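One structure below.
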There are 2 protein chains.
Amino acid sequence: MHAIEGAAARPAAPSGLRERKKRRTRDTLIRSALELFARKGYERTTVDEIAEAAEVSQRTFFRYFANKEEVALAMQTAVDALFLATLRSRPAAEAPLPALRGAVLGTWDGARAVIEAVVPLELHLCTYRLIESTPQLLAARLRALSEVEERLALEIARREGLDPRADPRPHVLVAAFGGVMRVTTRAWGERGEGGLDDLRELTVAYLDQLGPALAENWRA
Amino acid sequence: MHAIEGAAARPAAPSGLRERKKRRTRDTLIRSALELFARKGYERTTVDEIAEAAEVSQRTFFRYFANKEEVALAMQTAVDALFLATLRSRPAAEAPLPALRGAVLGTWDGARAVIEAVVPLELHLCTYRLIESTPQLLAARLRALSEVEERLALEIARREGLDPRADPRPHVLVAAFGGVMRVTTRAWGERGEGGLDDLRELTVAYLDQLGPALAENWRA
DNA sequence: GAGAATTATGTCAGTGCCTGCCAATTGGCC
DNA sequence: GGCCAATTGGCAGGCACTGACATAATTCTC
């Protein structure tokens, strides 16, 4: 095991006993961690507790996750990979912003399956709010998002046949888009309740405000 | 001392011997830390070394800064406060986006003075790149920026007489603006060399791409 | 199917960040 | 000088994380 592999890593999964066992251990670690985090909070949960709940040693935990943050953000990372894959599958004729918008809306369906294969959906929604309310986790999440944005920008540049070093538009577009997505997630989290459908709805509403917000006169 | 106070905290600084000594200790800690970080890298510098260089105990270090990240980002925090103050001093008639743009450009001048009162400008520029290249610092910086953005959004809402809970435009605008600012800083850092003037120039160039990047057809 | 090669896991010791606690020192004020 | 309040230092300890080595489990090879 060199690094954490995306959900769709290799074309044909080796799927020996070893691989399946590793996947099970990893999933168990994630589930144990998210449950403990939801119950006692992130900072009040020690890695030792997570390892014990998953019935492995602390050292093994750190062989699966580089740090405590990584296990907390594991499902978000999986969804990020799905989002990127969805964008790549968009028709080449589509303009950049509609492609991003379409990809984000198209991701929710697949995301549900990816998540529920590991943890209950309810627990994942709890984690969203946990991240927003835990400074250290929010910081780590924002950093991960900035890496996603970088890859999105490269993909947009590729689609448009541009050199991302020469033309700032891919990075600028993705930065603006990413900013709106974060604000959306945050606003959704603050609303307290609400499921994935509400988040989807809010996403549309906020993205539609991007044009008007940049307009000179808001009173028009 | 309850918390870190902005550069312009109280109307009349008490300025007793005690206060001056505290400020000197704090500035010395920042300078010592940034020098060590620039020389040996962030992770390879221990808090003990910083404290020793500033001739205080480790315990005292943690009375001035909540953690190691905070001292690394101290100057950026000061500039953030200046930026917010600059925005507040903008004419009320100005539209949101021009006000943000004007504030960011107007901040550079004052920033130079604020910085050089504590550390050499050159060292501060080094720190910018250090942050970009140190995962933990970048994460902390992004989180701090998201807090700044929240306050910016509230200020924009106030200027426009809007309820930020009801109208998403302040948050959406600031998120897009903040995203572009981060991309700008990043691009500037990757260019290797370049001073504050280059950053200012790049800021203008990137902000001007915001409209075009959101347009449907980039080939027009 | 037995042994060899590979890989995952456990144990242990150690470093560094950070905190609570209490004693000692220092500055402010009469 | 002498009292009060604030600052500081030292110490013990918890927790995140890492390197090194031994052990146990798979997979490979014949």
Side-chain angles (χ1 to χ4, degrees), chain A residues 1-5 10 12-29 32-33 36-37 40-74 134-137 139-140 143, chain B residues 1-5 9-10 12-29 32-33 36-37 40-74 134-137 139-140:
Chain A
M1 172 180 42
H2 296 154
I4 284 72
E5 331 234 0
R10 277 151 297 182
S15 151
L17 172 59
R18 201 163 229 160
E19 296 300 320
R20 267 182 291 131
K21 203 169 183 179
K22 266 172 28 179
R23 174 170 209 87
R24 261 192 26 218
T25 303
R26 185 182 145 84
D27 290 355
T28 304
L29 277 169
S32 306
L36 283 167
F37 292 159
K40 325 184 6 178
Y42 175 77
E43 285 145 354
R44 312 176 78 77
T45 304
T46 69
V47 174
D48 282 317
E49 289 171 323
I50 300 170
E52 191 182 9
E55 297 180 304
V56 295
S57 70
Q58 192 219 47
R59 195 66 184 84
T60 293
F61 173 93
F62 283 113
R63 287 200 178 96
Y64 280 88
F65 303 97
N67 46 53
K68 203 169 88 166
E69 298 155 9
E70 201 171 286
V71 68
L73 300 176
T134 307
Q136 192 186 343
L137 280 185
R143 196 186 78 77
Chain B
M1 170 181 46
H2 296 152
I4 284 70
E5 332 234 358
R10 276 151 297 181
S15 153
L17 173 58
R18 204 161 225 161
E19 297 299 318
R20 266 181 292 133
K21 202 169 183 180
K22 263 169 33 177
R23 176 171 208 87
R24 262 191 24 217
T25 304
R26 186 182 145 84
D27 290 353
T28 304
L29 277 170
S32 306
L36 284 166
F37 292 158
K40 324 182 9 175
Y42 176 77
E43 284 145 356
R44 312 177 79 76
T45 303
T46 69
V47 174
D48 282 320
E49 289 171 324
I50 300 169
E52 191 182 8
E55 296 180 303
V56 295
S57 70
Q58 191 217 49
R59 195 65 187 83
T60 294
F61 173 92
F62 283 112
R63 287 199 178 94
Y64 281 87
F65 303 97
N67 46 53
K68 203 170 90 167
E69 298 156 8
E70 202 171 286
V71 69
L73 300 176
T134 308
Q136 193 186 344
L137 281 185

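Keep in mind it's a predicted model, so treat the numbers as computed, not measured. Lettering follows sequence order; numbering is per chain, from 1.
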In whole angstrom, give the distance that lies between atom CD of B:Q58 and atom P of C:dG20. 14 Å
Where each residue is assigned the nucleotide of DNA chain C containing its nearest heavy atom, which of A:S57 and B:E43 is assigned the position nearer the 5′ end? A:S57
Could you check if a side-chain atom of B:K22 sits within less than 4.5 angstrom of a side-chain atom of B:Y64, using non-hydrogen atoms only? yes
B:R24 CZ - C:dT26 P separation (whole Å): 14 Å
Report yes if at least one side-chain N or O of B:Y64 is closer than 4.0 Å to OP1 or OP2 of D:dT8; otherwise report no. yes
Whole Å only: how far is the CZ atom of A:R63 from the P atom of D:dA20? 13 Å
Integer-rounded Å distance: D:dG10 P and B:D48 CG: 11 Å
Between A:F61 (CZ) and C:dT11 (P), how many Å, whole number? 17 Å
Where is the tightest heavy-atom contact between A:E43 and A:T134, given as atom of each residue plus distance? OE2-CG2, 4.1 Å
Distance in angstrom units between A:E52 CD and D:dA16 P, rounded: 13 Å
Under 4.5 Å between any side-chain heavy atoms of A:K68 and A:Q136, yes or no? no
Considering only nitrogen or oxygen atoms on both sides, find all protein atoms under 3.5 Å from nucleotides 27-30 of chain C and state each distance.
from: C:dG27; atom 1: OP1; to: B:K21; atom 2: NZ; distance (Å): 3.1
from: C:dG27; atom 1: O3'; to: B:R18; atom 2: N; distance (Å): 3.4
from: C:dG28; atom 1: OP1; to: B:L17; atom 2: N; distance (Å): 2.8
from: C:dG28; atom 1: OP1; to: B:R18; atom 2: N; distance (Å): 3.1

A:K22 has a side chain; which of C:dG10, C:dA8, D:dC17 sits nearest to it? C:dA8
Among the nucleotides C:dC17, D:dT8, C:dA8, whichever has the atom closest to the side chain of B:V47 is C:dC17
Closest contact, heavy atoms only, A:N67 versus A:F62: CA-CE2, 4.1 Å
Backbone of B:E69 reached by a side-chain donor or acceptor of B:Y42 within 3.5 Å: yes
Please report the distance, rounded to the nearest Å, between CZ in A:R23 and P in D:dT26. 19 Å
Within the 4.5 Å heavy-atom criterion, are A:I50 and A:F37 side-chain neighbours or not? yes
When the distance from CD of A:E55 to P of C:dT9 is rounded to whole Å, what number comes out? 14 Å
How close do A:L73 and A:A140 get, counting heavy atoms only, and between which atoms? CD1-CB, 3.7 Å
The side chain of B:F62 is closest to which nucleotide in this list: C:dC17, C:dG10, D:dT8? C:dC17
Can you identify which nucleotide, out of D:dC15, D:dT8, C:dG10, has its nearest atom closest to the A:T46 side chain? D:dC15
D:dC17, C:dC12, C:dG20: which one has an atom nearest the side-chain heavy atoms of B:R59? C:dG20
